[in-house]
Amino acid sequence: MRDYPRIVVGPPGPKGRAIVERQDRWASTSYPKEYPLVVARGERAMVEDVDGNRFLDFMAGIAVASTGYGHPRVVKAIQEAASRFLHICGSDFYYESFAALCERLAKLAPGPSKKRVFLSNSGTEAVEGAIKLARHSTGRPAIIAFFGAFHGRTYGGLSLTASKAVQRAGFAPFLPEVHHVPYGYRYRCEYCQGEPACTMRCVSTIEDELFAKKLDPQSVAAIFVEPIQGEGGYVVPPPGYLTALRELCDRHGILLVCDEVQSGIGRTGKMFACEYDGVEPDVLLSAKGLGSGMPIGAIIAKESIMKWKPGAHGTTFGGNPVCCAAALATLDVVEQELLPNVPQVGERLMAGARRLAEKYAVIGDVRGRGLMVGVEFVKDRATREPAPDVPHELVARAFQKGLLLLGAGKSSLRLAPPLVVDDYDVDTALRIIDECLSEMSD
């Protein structure tokens, strides 16, 4: 037995409530708080709040804490880098960790082409830079993105985002020449929902409908796609989906940009999720788990594309030396310690979630790869009508029992724990979810 989950006082306790009240008095009203978790510290997959409650974390700070909390190799790298210098601006000057991380990511990215890397502060900033790079490289204005996509909340990223209307409400006008098309969402596909197998019409319709009737493909700079949609519901597209997009892009000279901000750095059992389809993107975006919690992102592009001149794009803090050290240590830990175990632990999680689906009719679909698993809830399996209240209540109940979860999409639960979780953690999380669903069905 371990010392977590452990609830000693109903969260938030008195110390937690004081901090919640203080922050709510002074912080922006835009922060979409999930539940009143007030963190004091963490260790591996355990998070402890200021009142001494200990939680099992199955959301990893939204898929960020890839190596868990306080991994000694990552902490040591951060401390050593911080003791030397905190900042000098990697856009204008040189230091070893910046060079090392660019080289490391360029060599890790899938495909035989030589890559170049731009280091950013976040996934959203990587998306913004990729939009600029795509237009600059191709000389074309239009971008294609997908319904259900989440690419961030800055103006370029938000223009590509089409996950929840509240994220866009009140911010128009958006970036021009952005066109949205349906994603390869097999469970809710409007093209082949009744078919025995995927017809890939969600891809062919881009040419048959969008290009034929509205948008000249010669005007399209790039297609931005998440190999697995994150915020949109942890939606795993059918096998061959990315390959079909790659072929479509090649036919029309369009760049394929894979946003792996949430799905990358080992989360799916491969370093990058696009590797499952054997696809080499023209541009690959990384962030979240790359720094184990330190703010860093990356644009990894084919050298033939990343040819913009000095000054065409830059950043003051991107590739900060302390963040670069954290990223290099994270990559070491993921490659050497964690990645080999992700498929096995992920299969245990998937199998357990499928057993819950056999037990509870409210679960309509279970999907995922590695430790990126989505559970979709419905009011009726025949109609597949979404049941958004179920994951909302489930997340709240699990929090009171010491399990940290997050929803995704309209009616899905995302399971994205730190990559350090083991069989005990998986079984414990599944047990608590089972308890919550049982209570909710009484």
Side-chain angles (χ1 to χ4, degrees), residues 61-67 74 77-78 80-82 84-109 115-137 150-161 175 222 224 257-265 271-272 281-303 305-332 334:
I62 315 184
V64 167
S66 52
T67 61
V74 177
I78 291 170
E80 291 179 350
R84 290 192 294 270
F85 65 104
L86 294 176
H87 175 73
I88 196 62
C89 188
S91 277
D92 294 343
F93 307 104
Y94 294 88
Y95 42 92
E96 197 276 335
S97 61
F98 192 106
L101 184 56
C102 287
E103 179 184 19
R104 184 79 169 271
L105 290 171
K107 291 180 177 179
L108 276 175
K115 312 296 194 302
R116 288 187 176 272
V117 177
F118 180 94
L119 297 177
S120 67
N121 297 283
S122 67
T124 304
E125 189 183 321
V127 170
E128 293 286 335
I131 293 171
K132 290 177 62 178
L133 177 61
R135 286 180 164 176
H136 186 276
S137 175
F150 185 85
H151 297 286
R153 290 184 171 90
T154 51
Y155 258 102
L158 188 59
S159 300
L160 271 58
T161 290
L175 201 67
F224 278 68
V257 181
C258 283
D259 181 339
E260 297 243 16
V261 168
Q262 189 157 174
S263 61
I265 315 302
M271 185 57 69
F272 297 106
D282 297 297
V283 182
L284 187 150
L285 308 180
S286 181
K288 285 193 181 290
L290 177 58
S292 290
M294 294 297 285
I296 190 163
I299 306 168
I300 310 169
K302 292 179 179 178
E303 186 177 54
I305 292 162
M306 193 172 271
K307 289 183 175 180
W308 42 14
K309 295 180 179 179
H313 195 54
T315 171
T316 299
F317 293 106
N320 169 276
V322 182
C323 296
C324 284
L328 288 164
T330 296
L331 291 171
D332 284 343
V334 170

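All heavy atoms count here, side chains included; hydrogens, waters and symmetry mates do not.
Side chains of F98 and P321 form no contact here, defined as non-hydrogen atoms less than 4.5 Å apart. Inter-residue side-chain proximity for S97 and L328 is flagged as met; some heavy-atom pair is nearer than 4.5 Å. Side chains of V322 and H87 form no contact here, defined as non-hydrogen atoms less than 4.5 Å apart. Residues L119 and I299 are not in side-chain contact: their nearest non-hydrogen atoms beyond the backbone lie 4.5 Å or more apart. A heavy-atom distance below 4.5 Å is found between the side chains of L285 and V127.
One side chain, T330 or S292, offers a donor N or O that lies under 3.5 Å from an acceptor on the other. For the residue pair S122/E125, the side-chain donor-acceptor check at 3.5 Å is not satisfied.
Within the model, atoms OG of S286 and CE of M271 stand 9.0 Å from one another, a figure rounded to the nearest 0.5 Å. Taking OH of Y95 as the start and CZ of R84 as the end, the distance is 12.0 Å to the nearest 0.5 Å. To the nearest 0.5 angstrom, I296 atom CD1 is 15.0 Å from K288 atom NZ.
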side-chain contact (heavy atoms from CB on, under 4.5 Å) for I131 and L160? Distances and angles first, verdict last.
CA-CA 10 Å; I131 293 171; L160 271 58; 3.8 Å; yes

CA sep, side-chain torsions, deciding dist, call: L290, V64, side-chain contact (heavy atoms from CB on, under 4.5 Å)
CA-CA 8 Å; L290 177 58; V64 167; over 6 Å; no

Verdict with supporting geometry, I78 and M294, side-chain contact (heavy atoms from CB on, under 4.5 Å)
CA-CA 9 Å; I78 291 170; M294 294 297 285; 3.7 Å; yes

Worked verdict on N320 versus N121 for side-chain contact (heavy atoms from CB on, under 4.5 Å)
CA-CA 8 Å; N320 169 276; N121 297 283; 5.9 Å; no

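The two residues A222 and A134 make their nearest non-hydrogen contact at CB-CB, 3.8 Å. Of all heavy-atom pairs spanning A81 and A325, the tightest one is CB-CB, 3.6 Å. Of all the heavy atoms in I300 and A106, the pair that sits closest is CG2-CA, 4.3 Å. Contact detail for V257 and A130: the closest heavy-atom pair is CG1-CB, 4.4 Å. Across G289 and I265, no two heavy atoms sit closer than the pair O-CG2, 3.8 Å. K132 and A312 get closest at one heavy-atom pair: NZ-O, 3.4 Å.
Open room surrounds OH on Y94; 12 or fewer heavy atoms of other groups in view lie less than 6.0 Å from it.
For D282, the side chain to side chain donor-acceptor pair (under 3.5 Å) partners two or more places apart in sequence, or in a different chain, are R246, K302. Residues meeting the side chain to side chain donor-acceptor pair (under 3.5 Å) test with E303, sequence neighbours left out: K114, R116.
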For residues 150-158, dump all side-chain donor-acceptor pairs below 3.5 Å to protein atoms at least two apart in sequence or in another chain.
{"unit_1": "H151", "atom_1": "ND1", "unit_2": "D259", "atom_2": "OD2", "d": "2.7"}
{"unit_1": "T154", "atom_1": "OG1", "unit_2": "E128", "atom_2": "OE2", "d": "2.6"}
{"unit_1": "Y155", "atom_1": "OH", "unit_2": "F171", "atom_2": "O", "d": "2.7"}

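The aromatic rings of H313 and F118 sit tilted, their planes meeting at an angle between 30° and 60°.
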